[in-house]
Amino acid sequence: MAVTDFLCRAETRRVLWVMGGVFAFSILFQFCELPYGNFIGSLFSGLNFNRMNYVNTQINFTGGFDEKISRNDSIFSIESKKSGGNHSYDSSGVELLKPNTNLAPERAMEFGNIFKGNNGNVAPMLDEQSKDDNIVPLASDIESPPLISSPPQVDDNLIAPIATQIDEVTVIVVPLNSTDATTQLMNSPAPSVSHRHVDTDNSTALASPHNPNEATGLVRNDHALSGNGSTMTKSTPAARKASVEGVVSISEMTNMLLRSSHPSNLLTNPAWSSAGDEVLLSAKSQIESAANNISDPGLYAPVYHNVSKFKRSYELMEQNLKIYIYKEGKRPIFHQPKLKGIYASEGWFMKQLKASKQFLTDDPNKAHLFYLPFSSQTLEEVVYVPGSRSFDKLKAFLNNYLDLIKGRYPFWNRTQGADHFLVACHDWAPEETRREMANCIKSLCNADLREGFKFGKDASLPETNIVSTNPSRSLGGNRPSQRKFLAFFAGSMHGYVRPILLKHWQNKDPMMKIFGRMDNHDYILHMKSSKYCICARGHEVNSPRVVESISYQCVPVIISDNFIPPFLETLNWETFAVFVQEKDIPNLKSILESIPLRRYLKLYNNVMKVQQHFLWHPEPVKYDTFYMILHSIWYNRVFQIAS
């Protein structure tokens, strides 16, 4: 009996030791960096969407949007919807995301799940649309866009003067005396970059869209983000002068494209394959082997790098491309395009894509691309805190939206976002999307190599200031023999380039019509009567004058270092535009006068040939701006697929 008691006690102690070891081992796991904070939750992550960690964000999304958000005189009332049970797939359109035999189930579970359960912790503004939000307005219900636009009238008191005191900012200087150096700049991390609150970049200036007085905030002081993206610093003339050594010319950009349009570091390998990948690989092969004898009466070959490849790529896009638009996100930031103003390009693209039957699919498993349907302009108007000089809340808002997308769908995680795209025209969009959306294809108006724009992945979005209700008003201009002025510029003194331009040329030469602000009528007359129209950068590299010049058949002269012009992968910009480095402004007249008459006439003729690519229509027309934006995104995605 004693022996039996001893053995029982020994066995009990052994069991207790084992249980203690297991408990200690579990406690150890709690301190590991697991995706959902605990061992069990990480094993069954599909059940834990509501426990996603938002500790690092700057907004209380659980309750922050239950209140009304004030924007100037408008009040956005956003009501929270707290679901009481399992999330309904039918209400969000996720019902199409049933297990698919085309996807590897085990990989789908590893890289992302379609989450069920109570989503009460998800910000109401980020959750799916209401049924009303799915209604696409008819063309007859909306004012038609103009093919061109004229500058708006704004009170002089809203114009932000040039900063008089300037601090220092670090600038990466890359001497560009070799192809390797050019590649280094294109693929290097972006340095501190200038970000402005708003820039109409037209002959007149607008204040902040949500607060006129805000024009004296970020704009007036010429603020720029520091490297950490949270505070603001300012740039110096010395730093800007030094950065000239790092200018990538349009010729160097073009040569990079012709040699290898997409660097190897941009190639992507999805976590698991899909039928759509095979379509893209096939398209890539067909584009690369396109016959050189393809002709199209609507395409003038000299203005394209390779008209045959463009034609074939465009045809394959029309035949194959399918896009899924995420239904998540509430208005006004999501699904509500703005159709007027300096940032209207992003709104018109959203409107026309949502109305498209040709390119959209309701089955995300069939999509080649996924569209993130937010307005960068409205994001600034609604989420940005006036006077805060911080983008933290804007970034946090987008990051939480991505968390929702990643949690509810597997598609982001399949490619780490490489098959997702956004279209954003606000100056701040590059900074807002720099980190979490780094892998996305970004179509940006602020297409600046020094602000993180990835050459061969991202696309340059043409900035169009849409203010007129008459689509065809003022289109065209005088014949070359009737253009009596050599060059013309008029506009507000945004940024550092325009004051230099006026210093050297305002009232200095009767052939150089260089002004500050000018009324709309005279502005249009001067554009129509000048051989060259100066498109000088404002706070950022982009300007609506590029599109305006082409619309008025005035040869654009782009003075904006490291600006990537729209549709560069397709159009040979040197055949219809002149590029002048910022440092050469004192020699501007001699540069333009050195262009022979025969060369100018070719430039003028080519401007008319490319005009079709820079026009918006109430309904998309072949080769117009909508289709060209879509083609840039399609083309870049096709050439990111690793063979």
Side-chain angles (χ1 to χ4, degrees), residues 35-36 44-54 61 81 83 86-130 133-134 268-277 280 321-330 333-335 353-354 359-374 397-422 433 436-441 633 637:
Y36 291 89
F44 302 97
S45 59
L47 303 176
N48 286 275
F49 178 70
N50 294 327
R51 300 176 59 124
M52 295 183 73
N53 188 0
Y54 294 112
F61 282 99
K81 290 183 179 179
S83 57
N86 289 340
H87 182 78
S88 172
Y89 282 104
D90 293 335
S91 66
S92 65
V94 189
E95 70 280 3
L96 298 171
L97 297 177
K98 297 176 181 178
N100 190 323
T101 55
N102 293 330
L103 301 179
E106 68 279 2
R107 301 297 285 168
M109 288 298 294
E110 179 179 349
F111 288 94
N113 292 278
I114 304 164
F115 292 96
K116 300 181 180 180
N118 185 343
N119 287 336
N121 289 336
V122 179
M125 174 123 7
L126 301 178
D127 213 344
E128 63 271 7
Q129 295 173 270
S130 66
D133 290 342
N134 291 317
T268 60
N269 287 298
W272 62 89
S273 63
S274 71
D277 295 340
L280 296 178
L321 178 59
K322 293 300 176 185
I323 298 172
Y324 181 76
I325 301 179
Y326 285 114
K327 296 176 174 62
E328 284 69 17
K330 283 186 174 292
I333 295 176
F334 300 93
H335 302 285
L353 181 62
K354 287 173 74 71
F359 296 112
L360 295 188
T361 178
D362 289 329
D363 185 351
N365 293 291
K366 296 179 179 179
H368 306 102
L369 289 166
F370 297 82
Y371 177 43
L372 304 173
F374 72 94
F397 187 94
L398 291 179
N399 292 348
N400 277 270
Y401 174 69
L402 277 187
D403 285 341
L404 175 63
I405 295 301
K406 293 175 185 177
R408 187 168 291 174
Y409 301 83
F411 303 107
W412 176 282
N413 297 302
R414 190 183 80 90
T415 63
Q416 294 302 305
D419 55 358
H420 288 58
F421 73 94
L422 59 93
T433 61
E436 295 297 325
M437 296 184 178
N439 291 334
C440 288
I441 299 172
I633 296 167
R637 178 55 188 154

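FYI, the numbering just counts along the sequence from 1. Here the structure is a predicted model, which means the values were calculated and not measured.
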Rounded to the nearest 0.5 angstrom, the CG-OH distance for Leu404 and Tyr409 is 8.0 Å

(message) Between Phe421 and Tyr371, is the side-chain contact (heavy atoms from CB on, under 4.5 Å) condition met? List the steps.
(response) CA-CA 5 Å; Phe421 73 94; Tyr371 177 43; 3.4 Å; yes

Closest non-hydrogen atoms of Asn413 and Lys406, given as atom of the first, atom of the second and distance, are ND2-O, 3.4 Å

Correct closest heavy-atom pair for Trp412 and Leu402 would be CZ3-CD2, 3.5 Å

Taken to the nearest 0.5 Å, the spacing of Asn439 CG from Asp419 CG works out to 10.5 Å

Pair Cys440, Leu372 - check side-chain contact (heavy atoms from CB on, under 4.5 Å), show working. CA-CA 10 Å; Cys440 288; Leu372 304 173; 4.1 Å; yes

Please lay out, stage by stage, how Tyr401 and Tyr326 fare under the test ring pair (Phe, Tyr, Trp, His ring centres under 6.0 Å). CA-CA 11 Å; Tyr401 174 69; Tyr326 285 114; 7.2 Å; no

All heavy atoms of Thr415 vs all of Arg637, minimum pair found to be CG2-NH2, 4.1 Å

### Query
Is the number of heavy atoms from other residues, nucleotides or ligands within 6.0 Å of NZ (Lys366) greater than 12?
no

Here the pair of heavy atoms bringing Arg414 nearest to Pro270 is NH1-CB, 3.2 Å

Looking at side-chain heavy atoms only, is the closest gap between His420 and Met437 below 4.5 Å? no

Rounded to the nearest 0.5 angstrom, the OG1-CG distance for Thr433 and Asn399 is 10.5 Å

Q) Just wondering, do His335 and Ile325 contact through their side chains at under 4.5 Å, heavy atoms? A) yes

Taking the side chain as every heavy atom from C-beta outward, state whether Asp363 and Tyr324 have any atom pair closer than 4.5 Å.
no

inquiry  = Applying side-chain contact (heavy atoms from CB on, under 4.5 Å) to Ile333 and Phe397, what does each step give before you reach the verdict?
reply    = CA-CA 10 Å; Ile333 295 176; Phe397 187 94; 3.5 Å; yes

One should read off an interatomic distance between Ile405 CD1 and Leu398 CG, to the nearest 0.5 angstrom, of 11.5 Å

(message) Does Phe359 form a side-chain contact (heavy atoms from CB on, under 4.5 Å) with Leu369? I'd like the steps, not just the answer.
(response) CA-CA 10 Å; Phe359 296 112; Leu369 289 166; over 6 Å; no

Smallest heavy-atom separation, Ile633 atom then Ile441 atom, equals O-CD1, 3.8 Å

Taking every heavy atom of Glu328 against every heavy atom of Arg408, the minimum-distance pair comes out as OE2-NH1, 3.0 Å

**Item:** Within-4.5 Å side-chain heavy-atom neighbours: Pro410 and Trp272
**Value:** yes

